[in-house]
Amino acid sequence: MADRDTLPLPLEVRTRLAELELELSEDTSSGSEGEGSMQGEGTPTSSQSSINMENWISRAIHGSTTSSTTSSSSTQSGGSGAASRLADVMGQTHLENHSAPPDVTSYTTDSIQVERPQGSTTTSRSTPKYGNAELMETGDGVPVGGRVSAKIQQLVNTLKRPKRPPLREFFVDDFEELLEVQQPDPNQPKAEGAQMLAMRGEQLGVVTNWPLSLEAALQRWGTISPKAPCLTTMDTNGKPLYILTYGKLWTRSIKVAYNVLHKLGSKQEPMLRPGDRVALVFPNNDPAAFMVAFYGCLLAEVVPVPIEVPLTRKDAGSQQIGFLLGSCGVTVALTSDACHKGLPKSPTGEIPQFKGWPKLLWFVTESKHLSKPPRDWFPHIKDANNETAYIEYKTCKDGSVLGVTVMRIALLTHCQALTQSCGYTEAETIVNVLDFKKDVGLWHGILTSVMNMMHVISIPYSLMKVNPLSWIQKVCQYKAKVACVKSRDMHWALVAHRDQRDINLSSLRMLVVADGANPWSISSCDAFLNVFQSKGLKPEVICPCASSPEALTVAIRRPTDDSNQPPGRGVLSMQGLSHGVIRVDSEEKLSVLTLQDVGTVMPGALMCVVKPDGVPQLCKTDEIGELCVGSIATGTSYYGLSGMTKNTFEVFPMNSVGALISEYPFTRTGLLGFVGPGGLCFIAGKMDGLMVVGGRRHNADDIVATALAVEPMKFVYRGRIAVFSISVLHDERIVVVAEQRPDSTEEDSFQWMSRVLQAIDGIHQVGVYCLALVPSNTLPKTPLGGIHLSESKQLFLEGSLHPCNVLMCPHTCVTNLPKPRQKQPEIGPASVMVGNLVSGKRIAQASGRDLGQMEDNDQARKFLFLSEVLQWRAQTTPDHVLYTLLNCRGTIASSLTCVQLHKRAEKIATMLAERGHLQDGDHVALVYPPGIDLIAAFYGCLYAGCVPITVRPPHPQNIATTLPTVKMIVEVSRSACMMTTAVICKLLRSKEASAAVDVRSWPPVLDTDDLPKKKPPLLYKPSNPDTLAYLDFSVSTTGMLAGVKMSHTATSAFCRSIKLQCELYPSREVAICLDPYCGLGFVLWCLCSVYSGHQSILIPPSELEVNPALWLLAVSQYKVRDTFCSYSVMELCTKGLGLQTDSLKSRGLDLSRVRTCVVVAEERPRIALTQSFSKLFKDLGLHPRAVSTSFGCRVNLAICLQGTSGPDPTTVYVDMRALRHDRVRLVERGSPHSLPLMESGKILPGVRIIIANPETKGPLGDSHLGEIWVCSGHNASGYFTVYGDEALQSDHFTSRLSFGDTQTIWARTGYLGFLRRTELTDASGERHDALYVVGALDEAMELRGMRYHPIDIETSVIRTHKSITECAVFTWTNLLVVVVELDGSEQEALDLVPLVTNVVLEEHYLIVGVVVVVDIGVIPINSRGEKQRMHLRDGFLADQLDPIYVAYNM
C-alpha cells in the first residue's frame, strides 16, 4: 500500500474515479439550505465532566500518529517546475499549428498550472485509457482537478484582450458592478493534524444459530414458540390493547403474502409479482398491523415502501411522497381497516387521488378480509441475498423525497450487527417510543426484535402526548431491559415526573437515544440522568446512537458493565467548528459546543471521515468532515436515481496523495463529525443542516440550541423552531422562525427576538437575516409532530407563512454589497466633446420637422391670436361642430358649434367687464368640471383681455383635502376673480368649505350659469403676441406647485405643431379622455379644435368610474382615428374590462380604425401597462403599434407626440446597473438586469432637443444619459411665482451649453434621458432619432453614490407578491422607505416584509430601511395617474398613513 501511487490503478477503478470526479465537480454547486428536525431540546453547553481531549488533539496536530499510507512523493513545485510543466502539457496536447501563429501577447508560461508530483514525467503509461480518464489523471494515474489544453488557454487569452486600446474610462460603456467577495481571514484556524486513519469496527462474530434470513427467523419462532409475545400495543389510556404472538405474526404474514400474490388482479395477470413495490400505509398507533404487512411482503418477496398516512389531500410533503411512489411504480397500497375508513373519501365513497400521487388500489390486510391460503401453498424462504428487502423514504433538505433501497443481505447483517453491539438476547423486553416505520424504530422494534424473539412494547405518539411518562411507566411495569427513545421523550419525562412516586429504572440495561447524534441531545441525556439516577437509572445505560437513512446505524454506544469508565466528552470552539476545525475550548465560555460520543463503529464496518465537498479526500485528525461507512449493512441506492446513488453509495475515499484507502465503496452518511481518541465517534451536525454564510459553516441545530437557551422561554414553544437558510445576493442568509405562545405581548416578543439575535451573534458570530414569530400551531408539521422544514421554508419564500412578528436585520447581515460609488472628478465638457469626436460618437441632438419649411394652406396661420381664429371660424363655418361632450351613458350631453362658442364667449366677456370690473391682463381662475363651460369661459377671458387659469374644482365628497389646493392656486396665481358654475358656487359657500379654508378671503366669484343677455361693445384685441395668453398650473410629482406662463405666440405655435404632427383638419374627429386642467390635456381639450377646426369628442375621465367602457365605445361608435387618454384611464380599462372583451365584441366594439392612441404623460413610458392594454384589446381590432405615449414637462408642455406619419415607437433594453452610474448600456432582451424603455413618441415639429450633463452643462454623446434640454417656439416663457425665488429656477428656461454651441438658449426639462439614432427613416428620409425618457431628476434618489429611479424599485416590489397592488418608495435621512398597498387579509402584511427586502437587495443592491404596509388607496396619485411620492413622504413623517404594519429593518 505504501508505494501504491507509483503503480497505475486498475482500469475500472480509474475510470470510476474519473466519472466520480466529474460528477462531484458538477454536483457541489448546489448551495446548502439548513434543515434539521426540530424534535429535540436543549442548551448549547453542558456542565458535565469531559475527557481531556487536548492531549489527543495535540498529538494529532503534531503528527505523532504516523501514517504508512501517505505517499512520500510530495508536490513541491520548484522554480524550473513551471517550464517543465508547460513542456509537459505541450507534449501531451500535440500543439500543431498550421494556421495563423498563436496570439501570445498576454500569455506567459506561468499561466498554465498543472500540479504534478515530482518524477511523474518518467512514469511509463502502459495501460490504454478510455473515456475521460485521460482528462482526469496526471502521469501516475492520480486524478487532478481539471486541466485546460494550451490551445484553448491561448484562445481564451486572445478573447480576453480588448479589441483596441480603450479610450479614457468615460467612453467605455462596459461596466461590471462587483459584489464584495468575502476574503478569507488570514487568522482563521486551519487543520494541522496528521491524516486520519480509517477506523475498523470489531469482527461481526456470526453465532452458529443465527438465522440465514429474517423470514427464516420468523418461521423458527412462529413454529417453535408460537405463544411467545412479539408485540404489545397500547391504547391512549396506556392500557395494553393487543398482544401479537410470534405464532400469530407467522400465520398472518403468510396469509398476507398469499393474498398479495394471488388475490390481486386475475390468475393470468396478477397485479403483483415478486420484486414489485407496494406502499404500506399504517397509522402510528397500529404497529401490529404494520408488522404483519411488512413480514407478509418479505415472505411474498414484494418490496414494502412504508409511508405516512395522508390525512388530507394537501399534507405537508405529501405530494413529494406521491412522486416517490410514482417513481417506484407503486400501484397497490396495503393499509389497516381503521386507517382505510379514516382516509378522505369522495361523495361516492371512493378514496380520491392525492395530489401528485399515482393511482392506487387500496388493500386492507386485516385477517378477516383475507382468504385462507390452500394447504399446499407455502412461502419460499431463501437465504438473505442481494434482492431489495424494503425501501425507506427520506426527505431531503429541499423537501424532495428519495427512496433508499436496502438489500436482504444488508437487512440481515444490520440486525446481526445491532444484536452484537446491543447484546440482545432471546425474550428480552424492549420499550419502543419511536416511529416503527423507519430508522431506529424500525431497525430495533420491528426487525432486530424478531431475529432475537424479543418482546416489544410499542408506545404510540398519541399516548405520549397525553401522558409523557407512559414509556417510563411501561419500563417499570414490564421490567424492560431496553428502551428506544428520542431526547424529546426524555425531556417530556423530566417535565412530568414530579408527581410520580414508584419509578424504578434499575431493570434498564440500555437506553437507546435515537437522536443522540444531535448536538443538543447531550443536555437532555445529562438532565435525565441527574433526575433518574436516584430512581435506579445507571449512568452507563444511556446509549446515544448515530444513524442515517443511507448508512443505517452508523455508530452506537455499547452498554458497558464498567460504570467507572465515563463516556467521551468534547468541548469544542464554535469559531473553530465554523471553519471546519476541531479546537478544544474551556466550558466556561458561551461560544463552545459540548458533544457526547455516539460510541464506536458498528461491528464489521469500516469508517472514515472525508472532506464534505469535492473529492472524497480523508480529513486530518483535527478536521470536521462527513462520516463515510464501508459495510454490507448499509443502503445500496436511491431508487431510480443512478447519478445521486453514485455520489452517495459508491464513494471511494482517498488519501492525500490520491490513493484509494479501500477497493470497496463507502456510503456517505450525511453526518458531519470526527473520530476521537479510542475510536469514539462524535457528530457535530448534519450535511442537511449545514449553512455556509460568508464562507463559514454553521449548523442549523446549533442555532436552534442557542435560540432555545435564551431566557425567558415563556414567549415561544420549545422545539417549535425552524432554522434554514435562503439565498439572497449570492450568499446564504439565516432565517429563524418560531411559534409564539398566544398570551405573549408584542413587547415581550420583541424583547425575546432581540435577545435571540444578540445570542446568535455572540455565540456563532453570524447575523440572523430574518427572525419571524408565527401563531402557535401554524408551522407545517411532520406526521410525528416535528416541524416540516422544507415546507416552512417554501411558505416563507412564497410569502404565505403569515407571521405575527418579524424582525429583519439586513443592515447587519449583508456585508457583500458593492462598494458605494465614488464620484470621479468630472471630466471637463470640452474633453468630453473631443473624446466623443475621437470615438466617432456624434453629439446627442435631434429635432422635429422644421416649421418654416412646412407648406400648409392653413388660413389659421394668418392670425396671431386664438381669439381671432375663433372669430374667423364663427364667420366662415358658423354651424361646424367643434366640441361634443359625452355623459356616462355614452350619449351626447352637449355640443358647441363655432358660432355658439363665439356668442357664449362674448357674453362671458361682457360679464367679466360689467360684474367683475376687470382690467386688461387681470388673472381669472376658472373652476369648472371637465366640459363645455370651461371652454366657453376660457375664450370669454381671451375676448375680455384677461389671463385664464384652469383649476380643478374641489371634490364634493372630499372638500377637506381638495379645497385647500384650489385656494392655493387661486392665491398663488393672483387671480382677481373666480368663474364657476352655480353648483360649485354653492359648494364654495358651504359649511364644509368654511371648515376647510377661510372663505372670507376668496376673490369675487362669478356664476356663469347666469349670463347677461347683451354682447360687449367691442372685443379686446391684444397688441403684442408675446404677452400672456394663459397660466398653466400643475402639481409636479415631487409635490411642487408650479405655474408656467404661456404667451400668445407659444400657444399658437403649440397648436400648429400638434396640427401638423397629427394631421388635424376640420373633417377629422378626435376622442379625448383627459383632465383638462394643465399641460397637453388642457391644450387638446380647449385649444386645438379652435385652431385646427376638427371635432373633439370630450369624455370626462371621471365618467369612466361609472362606465369603464365609455371611452372605447365612443372611439368605436364615432369611428375615431386618433384618441388621447391618460395612464389612469388606460389602467381603468385594463383592470375594469379585462374579463369583458367578449361581451364588448358582441356589442359591436371595433377598434380597428384607431391609428394613434396616445397616452399623455410627464414620465417614463409605462411599458408594461401599454403592452397589456394593447394585448387585451387586440381581439377588438386594436393595432398593437397604435398605442404610444407623449412626453411633456413644465418648461414645455409637449416635446414628443407620436402623430400619424413617421416610424413606430421603438423599444430598447438597457442595463439597469449601468443606469445607476448615469450610463446607458444596451443589452439583449431578457438579459439579467435589463430594463425595457419605450421611445416617448416623435419629436414635435419646431422642437430641438439636446442631451446635456446636468452638472457641467456640457453636451453629451449619443446613447449617454443626461438631462433633456429643449428649444422650441412653444416653450413656456418662465415660471409664474409670487415668492420671488425666480433666481433658483431662472436657468430652467434660459440655459446655455458650457461648450460647443453656446449661443442657443435652451430650457431644462429636469428629466434624464438619452437619444439614440435608429436604423429607421423618418418622413424626410433622414435616419430617425429616438428619445428615451428615464425619469425625473427631482425624483431620483442618490443612494450609495448611485442614482436610482423610484419606478424601477417599485416595479420589482410589485412583482414580488400577488397581494401587493401598488408601491411607492422614497428616502428618509439615508434610509430607503418602501410603502406597499396590501390587497388581502391583514395577516398577510408581515409576509411582505422579507419578500420586499429580498427583491430590492437582489435586483438593486440596496438595503430597505423601512417597509410600510398600508391599505389600498393610501398612496396618493394625481390626475395624470402619477404617484405623489413626496406627499406620501410627508404623510409618513407626520404619522398620518394609518399603516397596517411598519417594519424597521435593522
Side-chain angles (χ1 to χ4, degrees), residues 20-21 24-25 27-28 32 53 56-57 60-61 63 65 67 69-70 188-200 517-519 546-548 550-551 554-555 568 570 572-584 593 595 597-598 600-601 605-631 634 647-662 665-677 679-692 695-702:
L20 195 71
E21 178 99 16
L24 278 170
S25 59
D27 224 47
T28 49
S32 144
M53 289 176 116
W56 67 266
I57 292 276
I61 290 168
T65 46
S67 159
T69 56
T70 48
Q188 73 180 44
K190 294 192 172 50
E192 299 155 355
Q195 186 175 305
M196 76 154 301
L197 299 169
M199 298 298 305
R200 197 175 282 286
N518 228 331
S547 66
S548 81
E550 293 82 359
V554 175
L572 307 183
S573 140
M574 284 277 190
Q575 163 77 2
L577 286 176
S578 73
H579 293 292
V581 179
I582 303 161
R583 289 289 176 267
V584 174
L593 180 66
L595 296 181
D597 73 282
V598 287
T600 50
V601 187
L606 198 59
M607 183 193 285
C608 65
V609 184
V610 300
K611 305 228 155 110
D613 25 45
V615 183
Q617 196 181 356
L618 287 184
C619 287
K620 297 182 173 161
T621 45
D622 60 342
E623 205 174 358
I624 296 274
E626 184 176 7
L627 272 57
C628 290
V629 172
S631 160
T634 62
N647 284 339
T648 305
F649 296 94
E650 298 171 24
V651 177
F652 289 92
M654 49 181 86
N655 59 22
S656 54
V657 293
L660 297 188
I661 63 167
S662 159
F666 279 65
T667 298
R668 288 181 183 272
T669 62
L671 300 173
L672 292 168
F674 58 95
V675 179
L680 294 179
C681 303
F682 290 86
I683 309 292
K686 293 195 181 88
M687 286 292 283
D688 269 358
L690 198 59
M691 303 182 289
V692 183
R696 287 174 53 218
R697 304 193 287 200
H698 301 279
N699 215 291
D701 289 342
D702 296 340

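Here, residue 1 is the first one in the sequence, and each next residue gets the next number.
- Side chains of L618 and S656 form no contact here, defined as non-hydrogen atoms less than 4.5 Å apart.
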**Check against side-chain contact (heavy atoms from CB on, under 4.5 Å), E623 and K611** = CA-CA 9 Å; E623 205 174 358; K611 305 228 155 110; 3.2 Å; yes
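- Here the shortest heavy-atom pairing between P612 and R697 reads CG-NH1, 2.8 Å.
- The pair E192-R583 meets the salt-bridge criterion, since a charged nitrogen lies less than 4.0 angstrom from a carboxylate oxygen.
- R200 CZ: 12 or fewer foreign heavy atoms inside a 6.0 Å radius.
- The main-chain N or O of G193 is found under 3.5 Å from a side-chain atom of D622 such that the two form a donor-acceptor pair.
- Between I661 and C608, the closest side-chain pair of non-hydrogen atoms falls below 4.5 Å.
- Nearest heavy-atom pair, F674 versus V609, reported as atom, atom and distance to 0.1 Å: CA-CG2, 4.2 Å.
- Remark: side-chain polar atoms of S573 are paired, donor with acceptor, to backbone N or O of G576 under 3.5 angstrom.
- Shown here for V598 and A546, the closest heavy-atom pair between the two residues is CG2-CB, 3.8 Å.
- Rounded to the nearest 0.5 Å, atoms CG (L672) and CG (N699) are 6.5 Å apart.
- At least one side-chain heavy atom of N655 sits less than 4.5 Å from a side-chain heavy atom of Q195.
- Distance check, rounded to the nearest 0.5 Å: CG of N518 to NZ of K686 gives 5.0 Å.
- Closest non-hydrogen pair, A605 versus V629, comes out as CB-CG1, 4.2 Å.
- The line from CG of L572 to CZ of F682 is 8.0 Å long, rounded to the nearest 0.5 Å.
- Proximity of L577 to L593: side-chain heavy atoms (C-beta onward) are separated by under 4.5 Å at one or more points.
- If you take CE on M199 and SG on C681, they are separated by 7.5 Å, rounding to the nearest 0.5 Å.
- Contact annotation: the side chain of P665 approaches that of F652 to within less than 4.5 Å [non-hydrogen atoms, C-beta and beyond].
- Using a 4.5 Å heavy-atom cutoff, the side chains of V581 and I624 are not in contact.
- Counting only N and O atoms by type, the side chains of S578 and R696 include a donor and acceptor under 3.5 Å apart.
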**Item:** Criterion side-chain contact (heavy atoms from CB on, under 4.5 Å) on M687 and E626, from CA distance to verdict
**Value:** CA-CA 8 Å; M687 286 292 283; E626 184 176 7; 3.9 Å; yes
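- Within the model, atoms CE of M574 and NE2 of H579 stand 13.5 Å from one another, a figure rounded to the nearest 0.5 Å.
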**Item:** Working for side-chain contact (heavy atoms from CB on, under 4.5 Å), residues L680 and T600
**Value:** CA-CA 5 Å; L680 294 179; T600 50; 4.0 Å; yes
**Request:** Go through the steps for V610 and V651 under the test side-chain contact (heavy atoms from CB on, under 4.5 Å), then give the verdict.
**Result:** CA-CA 10 Å; V610 300; V651 177; 5.5 Å; no
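- Considering all non-hydrogen atoms of both residues, S662 and L606 come closest at CB-CD2, 4.5 Å.
- For the atom pair OG1 of T669 and CG of L627, the computed distance is 5.0 Å after rounding to the nearest 0.5 Å.
- Checking T667 against E550 by side-chain atom types alone, no donor-acceptor pair falls below 3.5 Å.
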